[in-house]
Amino acid sequence: MSAITTAGPDEQADDAAPPLPRRRRTLRKALISLGVLGLVLALLAGGSLWFLTERYAGNITRVSDVFHGLEDGSRPAPATPAQEASAEPATFLLVGSDTRATADDGVATGGRSDAIMIARFSADREHAQLVSIPRDSWVDIPGHGRDKINAAYALGGPTLLIQTVEQLTGVRIDHYVAIDFQGIVQVTDDLGGVDVVVAATTSNGPYSFPAGVNHLDGDEARWYLGQRYGLPGGDFDRVRRQQQYLQALFGQLFSSDTFSDPGRMDAALRAVTSAVAVDEGLGNGDMLSLAYSLRGLNPENVDFFTAPVLGTGMEGPASVVYLDDVTCERMWTYLQNDSLSQNAAEFADQALPDVPR
């Protein structure tokens, strides 16, 4: 193993139905998969139950046997809220990839995940957190020794990745969500483009992204999101851009311009839901119930973090990320007792900045 390179702070997201969420100019904290799933859930809670269920929730692919083979006795216990609440915390493992096979099968054959995140809806249903685990994190993979965490995705699909994340964090995963970034990018064109703020001028492929506001179409968004080299934080900044893109996309989706154009709205929602797959244990009724329980959740109460990182280094020919075990353990403990939102200030260095690089 080579010497560890310390990671700086910049390198750490039955007739009357419930009403639609209020329009917001921007979403302060946008989450890669939380954004996608939250959109579907909010829509299910907002209109004709049958129509929305069939047209949008029914458009979401189900992934079978995600938890098959995981012995309950060897898995972490469900999260136990530090404070009494009327509901149980809900924990999702979100996996993003830029290959279409992901959203169809839950894992791309021989592929590795581009984003791995734990999303938590707190028991009070008024707070949510999302913790991104860097895809190059050097961890123990059950039955395969130490490797990058995204190797678990390639070696054993969603099941092995869930097992790896649960072993790493001690946090029990309730549901699995796979997101196809290519499908999500299509939504950009359906919405007529989205605006993102760029901190410093960069370029990737055929496009240059000058500092300031950039209006991106679908192809520009694909290159913007795919940039890794030339950014100070490399993969860390790439993940932040993905989160920023979702912030802009959903801000546009919930804008009055989109709501006033039913055709545009429908095309965008169909594109979003076709790019998402969830485990078969999460039925349409479950999504509706969760959506209604989250009606009091405001964007200001959604926190996004990257798992604490000690530094980077080499394992053989591979460049890897070393997690900060001590700080991670504190974060995992807060997830286990559902108190991360109350202790978010302890992880300011790991929080998503307002404008990524």
Side-chain angles (χ1 to χ4, degrees), residues 13 31-45 47 49-70 90-119 121 130 150 152-163 165 173-191 218 222 225 242 245-246 249-250 253 265-291:
L31 312 177
I32 279 184
S33 61
L34 179 61
V36 175
L37 185 61
L39 169 64
V40 175
L41 297 177
L43 285 167
L44 283 175
L49 175 61
W50 180 87
F51 179 79
L52 291 178
T53 298
E54 292 301 312
R55 185 154 184 81
Y56 301 126
N59 199 38
I60 298 175
T61 300
R62 291 310 196 279
V63 184
S64 61
D65 299 327
V66 168
F67 294 94
H68 179 71
L70 297 180
T91 309
F92 291 73
L93 182 63
L94 310 179
V95 176
S97 179
D98 59 5
T99 171
R100 195 75 193 180
T102 301
D104 293 336
D105 303 320
V107 61
T109 303
R112 296 195 176 202
S113 53
D114 293 313
I116 301 170
M117 293 170 278
I118 299 173
F121 295 105
L130 190 143
N150 68 347
Y153 186 85
L155 293 169
T159 303
L160 184 58
L161 182 57
I162 289 171
Q163 188 178 14
V165 171
I173 302 300
D174 300 314
H175 293 290
Y176 174 86
V177 180
I179 301 171
D180 165 30
F181 287 138
Q182 291 297 326
I184 295 300
V185 167
Q186 174 60 43
V187 183
T188 304
D189 285 330
D190 293 329
L191 290 174
R222 181 171 66 87
L225 295 174
Q242 292 168 345
Y245 161 76
L246 286 176
L249 183 148
F250 287 105
L253 186 59
M265 172 68 82
D266 182 67
L269 296 180
R270 293 283 290 175
V272 168
T273 52
S274 68
V276 177
V278 301
D279 67 273
E280 61 184 354
L282 186 65
N284 290 346
D286 298 319
M287 286 195 291
L288 177 62
S289 177
L290 179 60

Straight-line distance of [X] [atom1] to [Y] [atom2], nearest 0.5 Å:
| X | Y | atom1 | atom2 | result |
| --- | --- | --- | --- | --- |
| Leu290 | Leu282 | CG | CG | 7.5 Å |
| His175 | Leu94 | NE2 | CG | 12.0 Å |
| Ile118 | Ile173 | CD1 | CD1 | 5.0 Å |
| Ile179 | Met117 | CD1 | CE | 6.0 Å |

Would you indicate whether the side-chain heavy atoms of [Y] and [X] approach each other to under 4.5 Å?
| X | Y | result |
| --- | --- | --- |
| Leu70 | Gln163 | yes |
| Phe92 | Val278 | no |
| Arg62 | Asp279 | no |
| Ile116 | Tyr153 | no |

Are the side chain of Glu280 and the backbone N or O of Asp65 linked by a donor-acceptor pair below 3.5 Å?
yes
Is it true that a side-chain atom of Ser289 and a backbone atom of Asp286 form a donor plus acceptor pair closer than 3.5 Å?
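It does not hold such a pair.
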Considering all heavy atoms of both residues, which atom of [X] and which atom of [Y] are nearest to each other, and what is their separation?
| X | Y | result |
| --- | --- | --- |
| Val63 | Ala277 | CG2-CB, 3.7 Å |
| Phe67 | Thr159 | N-OG1, 4.5 Å |
| Ala267 | Asp190 | O-OD2, 3.6 Å |
| Thr188 | Gly218 | CG2-N, 3.8 Å |
| Asn59 | Ser274 | ND2-N, 3.3 Å |

